[in-house]
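Read the structure below first, then the notes.
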2 protein chains.
Amino acid sequence: MATLKDLGEYLDLSVTQVSRALNGHSDVNEKTRLRVQQAAKKLNYSPNIAARNLVSGRSGVMGLVSRVPVGEASDNYLDVIVGLSAQFAKRNKQFIIHIIDKNEDEIEAYRKLVNSGAIDGFVIVEAIINDPRIAFLQEKSFPFVVHGRTPNENNFPYFDIDNYGVAYSLTEHLIKLGHKHIALINGLEGSCYSAARLKGYQAALAAGRLPFYPHLIRSGGMYESLGIVSTVQLLTHTEIKPTAIIAGNILIARGVYKALDALKLDIPQHISVVAHDDVLPRFRASAFYPALTVTRSALESSWGPLAEYLCGTIEGVPLKKLQQVAPFEFMTRASTAAVNNIKI
Amino acid sequence: MATLKDLGEYLDLSVTQVSRALNGHSDVNEKTRLRVQQAAKKLNYSPNIAARNLVSGRSGVMGLVSRVPVGEASDNYLDVIVGLSAQFAKRNKQFIIHIIDKNEDEIEAYRKLVNSGAIDGFVIVEAIINDPRIAFLQEKSFPFVVHGRTPNENNFPYFDIDNYGVAYSLTEHLIKLGHKHIALINGLEGSCYSAARLKGYQAALAAGRLPFYPHLIRSGGMYESLGIVSTVQLLTHTEIKPTAIIAGNILIARGVYKALDALKLDIPQHISVVAHDDVLPRFRASAFYPALTVTRSALESSWGPLAEYLCGTIEGVPLKKLQQVAPFEFMTRASTAAVNNIKI
DNA sequence: TACAAAATCCAAAACGTTTCGGATTTTGTA
DNA sequence: TACAAAATCCGAAACGTTTTGGATTTTGTA
């Protein structure tokens, strides 16, 4: 493996100049730079990462800490890993996942990794309210980026979608169709995005001068099973039955469809259904009949910004450039209709 | 972050001795070693990995190269990643996955990674006959370990299960029950394990003095869909209909069960079914009715040896200690019966 | 006690890169 | 041409570790 020294000897240049030429510094003659670049290619030079890391004091490794994903939770976990991995690779960073045991303390795992110096920064997914991971890393002033954001001040890099807007739009859409009992099958209680969606939902209700029924809110892991269970529960409630259901994602929506089918209720004649579509490759909204009305925002498009922002943080890019709330589209399709008064 | 130099000054020792004390060299007084270790803990010392890598000439990173997993293929891919990641973490190695694009050349990706010096060794999964990855890495004499092994000479580290034996046992079991038309729904053609299983199947047929019907062999990605399609095809063949089916794994078996149900054929009254069970956490053999007769060998138990063997290769452990063919269990359950003569 | 052997220690070099501070050369201007 | 400014270059230090080759101290034996 050729080194800078080899190149220097070959070109009769100092190691310094070779290094600076390759790294695009300004104080090197363009002709020289060209010669160096050609020589580098010819001698198949590739910088020694360990040496570079040693002087930079960084490791070039980005990490994601998570527990072993089990059951339904693992369904889209792979997409996260693959997506982030590809994006970091593009930026010449390594990306590792650190799996922690069931009964291992999460913060302790972060502490170890931070102390080891093996990792330059973390990606935090599934942020929760008052997230201890964020608190810990902020206290250590260690670089990280968050997928999502908190209801509090967010003085850290993040990429998020407009969850408030998503819920507001879906609710508003249903209200305009005359629905007064609108159920929300939300994500895990305590998660930031669920909180944001609940707020959006409540705001739309308030704007439509509709009362808020806590009973119409369901929460849990965003999987098919939650959709099934919640739908059945909502529709067996004796007093307030929803005439419309907002599903937190496509998996939940699938559960809702299955349950409604089992309950012999038609969409949208008996019940309207809407959802948010993360455009998960393996769970397509197009598979729904009747076609599902959704807000749409591809989860896949978050990996690029997340990687970018984390690298940016480490390189000292100002915070304002490392925060983004991505928009969403509204796709009106066939799963919603004006409310009717069929007793169900 | 404390360095060796800090420790040396604190203890009034040379950097050399501190290093040797911590690394367990013999020429350091036990009392000194103790002092050093205590000081290291007290000053929260943790070795700088970049510096260590620089002098060792290694990166401490193990890699897995793969294409973006799509569709059914992604189902157990996560288990591979998580399993290997955890095992390497246990050995203080980093583990990264390198995702390559649809139209990117695989060997070229390996070449780049090898040249970059960013990676110490590779894990190769899904080995195929005359695998170009193995050929490339062997030619470069670059460390790697293979999940599986080839039909040729295997002068490299590997961990495999006894695929020949699996197929032989399953086939023999069915032959003993009087079956003469035994179908094999195998993995991808060209893959090493499929080839081994085919050989085991044929050997058992030969031992039972039964003819080999190529029509009874099906191949493909080992997913439910293959099981469904193959079963229907096998049973709509006009001449030779199998009275028993060997499914390559649990997913295929699930497809077989579904297809047989759809075809209104009973297990084992009309058809016997056996399978190999990799003990995938999300696809349990216990979910089958009637209970499925299987050979069993947990895929999960391969990640440890694979990580161990790859680390061993790099450290120069002799090859004999880096090769293993794991055994399997035979579990006779309710999905097999003596052949009968019901015309189907 | 004397001397060899064993035990314990250390200074310096090496890994390959980046960067600091300054040196040298070229260019521009009067 | 003379001199300042700009452009281009370089030596040396630094990052933190391991290892080499030898120095020093302690122990064992006669």
Side-chain angles (χ1 to χ4, degrees), chain A residues 1-37 39-40 43-61 92-94 115-120 314-316, chain B residues 1-37 39-40 43-61 92-94 115-120 314-316:
Chain A
M1 197 71 79
T3 70
L4 284 185
K5 200 170 143 203
D6 296 335
L7 282 186
E9 281 166 8
Y10 177 77
L11 293 162
D12 205 25
L13 272 177
S14 74
V15 171
T16 307
Q17 276 312 90
V18 178
S19 170
R20 299 181 74 91
L22 257 20
N23 290 337
H25 286 237
S26 63
D27 65 346
V28 31
N29 194 319
E30 273 312 314
K31 266 188 253 169
T32 319
R33 190 192 306 281
L34 224 68
R35 276 178 64 220
V36 172
Q37 282 167 343
L43 300 196
N44 191 22
Y45 169 79
S46 125
N48 181 305
I49 299 175
R52 192 174 265 182
N53 290 342
L54 180 56
V55 347
S56 74
R58 304 210 193 105
S59 68
V61 180
N92 288 312
K93 300 286 176 196
Q94 292 177 352
N115 282 342
S116 82
I119 285 199
D120 286 350
I314 291 166
E315 287 156 10
Chain B
M1 196 71 79
T3 69
L4 285 184
K5 201 171 141 202
D6 297 335
L7 282 187
E9 281 164 9
Y10 177 78
L11 292 162
D12 204 26
L13 272 178
S14 74
V15 172
T16 308
Q17 277 312 91
V18 179
S19 169
R20 301 182 73 94
L22 257 20
N23 290 337
H25 286 237
S26 63
D27 64 348
V28 30
N29 194 317
E30 274 312 315
K31 266 187 247 167
T32 319
R33 191 193 306 283
L34 224 67
R35 276 178 64 221
V36 172
Q37 283 167 343
L43 300 196
N44 193 21
Y45 168 79
S46 124
N48 181 306
I49 299 176
R52 191 174 267 182
N53 290 342
L54 180 58
V55 346
S56 74
R58 304 207 193 107
S59 67
V61 179
N92 287 313
K93 301 288 175 194
Q94 291 177 350
N115 281 342
S116 82
I119 286 199
D120 286 350
I314 291 166
E315 286 157 11

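If you're wondering where the values come from, they're calculated on a predicted model, not measured in any experiment. Each chain gets a letter, A, B and so on, in the order its sequence line appears, and its residues count up from 1. Because only heavy atoms are used, hydrogens play no part in the values below, and waters and symmetry mates are left out as well, while side chains stay in.
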- Query: How does DNA chain D look in dot-bracket notation if pairs are Watson-Crick or G-U with both distances under 3.5 Å, crossing ones as [ ], other-strand ones as |?
  - Reply: ||||||||||||||||||||||||||||||
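Considering only heavy atoms from C-beta on, A:T3 stays 4.5 Å or farther from A:N48 through its side chain. Side-chain atoms of A:R35 and A:K31, non-hydrogen and from C-beta on, never get closer than 4.5 Å to each other. Within the 4.5 Å cutoff, the side chain of B:L22 has heavy atoms near those of the B:L4 side chain.
Positionally, the nearest nucleotide of DNA chain C for B:D12 lies more toward the 5' end than for the other of B:D12 and B:L54.
Minimum atom distance to the side chain of B:V28 is reached by C:dC9, of the listed D:dG16, D:dC9, C:dC9. With distances taken from any side-chain atom of A:L4 to the nucleotides C:dC15, C:dT8, C:dT18, the minimum falls on C:dT18.
Contact between the side-chain N/O atoms of B:T32 and the OP1/OP2 oxygens of C:dT8 is not found at any separation under 4.0 Å. OP1 and OP2 of C:dC10 both lie 4.0 Å or more from every side-chain N or O belonging to B:Q17.
For DNA chain C, the residues of residues 45-53 of chain A within the heavy-atom distance limit of 4.0 Å (strictly under) are A:Y45, A:P47, A:N48, A:A51, A:R52, sorted by number.
The CZ atom of B:R33 sits 13 Å away from the P atom of C:dA7 (whole-angstrom rounding). Rounding to whole angstrom units, CZ of residue B:R35 and C1' of C:dT8 are separated by 13 Å. The distance between atom CG of B:L11 and atom P of C:dT8, rounded to the nearest whole Å, is 17 Å.
Checking side-chain atoms of B:S19 against main-chain N and O of B:V15 turns up no donor-acceptor pair under 3.5 Å.
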Using atom names, set out every protein N or O paired with an N or O of nucleotides 19-24 of chain D below 3.5 Å, distance rounded to 0.1 Å.
unit_1, atom_1, unit_2, atom_2, d
D:dT19, O4, B:T16, OG1, 3.3

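In this model, a donor atom of one side chain and an acceptor atom of the other lie less than 3.5 Å apart for B:D120 and B:S59.
Across all non-hydrogen atoms, the minimal contact from A:A2 to A:L43 is CB-O, 3.6 Å.
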